Amino acid sequence: MGDASPNKAASPGWSESSSASSLDQPIHATVPVRPQLPSRKSSGTMIVPRDSSAIEEVDIPPDDVRAMSPRRTSEDIQTLGMEAREELQRHAKALQESLINLFNRIEAVKEEHDKLHRHNKFLQKYIGDLMSTSKITSSSSRNKK
């Protein structure tokens, strides 16, 4: 199998048939070949024994994987913390304002409900008085006949 073409199957159990198909195409598609990875120097281990007192400084080339990791200084961390606190405070203020607006709206609806409830009671009493007055007048007019 030294000069096998990529169109032929690599399995020893399969062989090409002597009869050609009407389409003159191979039965199996070609097997894709994985591209080679570029070679690069190993980044090495970062494990240090516990009893080691000295850690050696290693000059890391710019294309090394370890050089891609972001390093943050304490000032960067403090700045990020302050920005996060300020954002949380802005969000808390927006939520408080929203809650106050919602409370004011609830109070307005409650006042409107109480007002309508009082008017409804007044109208019910008025209608009841009219009905009793109409019964009295209708009964007195029958008595006069």
Side-chain angles (χ1 to χ4, degrees), residues 1-14 16 21-145:
M1 284 200 166
D3 54 66
S5 68
N7 290 340
K8 291 184 181 178
S11 175
W14 295 350
E16 280 193 57
S21 67
S22 63
L23 298 176
D24 290 328
Q25 292 183 350
I27 296 173
H28 301 287
T30 61
V31 177
V33 178
R34 175 180 262 175
Q36 291 289 329
L37 290 175
S39 64
R40 69 175 182 208
K41 185 179 170 185
S42 171
S43 60
T45 181
M46 297 178 77
I47 299 173
V48 178
R50 285 184 186 217
D51 57 347
S52 174
S53 62
I55 298 175
E56 63 184 64
E57 286 289 321
V58 178
D59 187 28
I60 299 173
D63 62 338
D64 194 334
V65 175
R66 293 177 290 177
M68 295 179 199
S69 175
R71 303 279 187 235
R72 293 197 170 109
T73 62
S74 60
E75 293 91 22
D76 292 341
I77 293 172
Q78 286 177 350
T79 304
L80 288 172
M82 287 175 35
E83 289 173 358
R85 262 186 246 110
E86 289 173 2
E87 180 62 31
L88 281 173
Q89 288 174 348
R90 281 194 297 269
H91 187 66
K93 282 189 178 207
L95 287 175
Q96 285 175 344
E97 290 173 5
S98 172
L99 188 60
I100 289 170
N101 290 338
L102 186 61
F103 177 75
N104 291 337
R105 178 71 180 134
I106 288 171
E107 287 296 316
V109 168
K110 187 175 177 184
E111 289 174 9
E112 184 70 19
H113 174 266
D114 291 343
K115 178 180 162 187
L116 290 174
H117 186 68
R118 286 193 306 271
H119 286 209
N120 190 21
K121 288 240 185 230
F122 173 76
L123 288 175
Q124 286 176 346
K125 184 178 182 309
Y126 181 73
I127 291 171
D129 290 347
L130 283 177
M131 296 293 282
S132 64
T133 304
S134 67
K135 287 180 184 177
I136 292 172
T137 55
S138 65
S139 64
S140 66
S141 64
R142 287 184 196 160
N143 291 340
K144 289 182 181 178
K145 289 184 180 179

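Note that the structure is predicted; figures quoted are calculated from it, not measured. Just the heavy atoms: all of them, side chains too, but no hydrogens, waters or symmetry mates, feed the values below.
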Test side-chain contact (heavy atoms from CB on, under 4.5 Å) applied to Val109 and Glu112, step by step: CA-CA 5 Å; Val109 168; Glu112 184 70 19; 5.6 Å; no
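With sequence neighbours left out, Glu75 forms a side chain to side chain donor-acceptor pair (under 3.5 Å) with Thr73. Under the side chain to side chain donor-acceptor pair (under 3.5 Å) criterion, Lys115 pairs with no residue, sequence neighbours left out.
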Check residues 121-131 and write down every donor-acceptor pair under 3.5 Å in which the side-chain atom is one partner and the other belongs to a residue at least two apart or another chain.
unit_1 : atom_1 : unit_2 : atom_2 : d
Lys125 : NZ     : Asp129 : OD2    : 3.4

Counting only pairs under 3.5 Å, give me each side-chain donor-acceptor contact of residues 84-107, with atom names and distances, residues two or more places apart or in other chains.
unit_1 : atom_1 : unit_2 : atom_2 : d
Glu87  : OE1    : Arg90  : NH2    : 2.7
Asn101 : ND2    : Glu97  : O      : 3.3
Asn104 : ND2    : Ile100 : O      : 3.4

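Atoms CZ and NE2, on Arg118 and His113 in that order, are 11.0 Å from each other to the nearest 0.5 Å.
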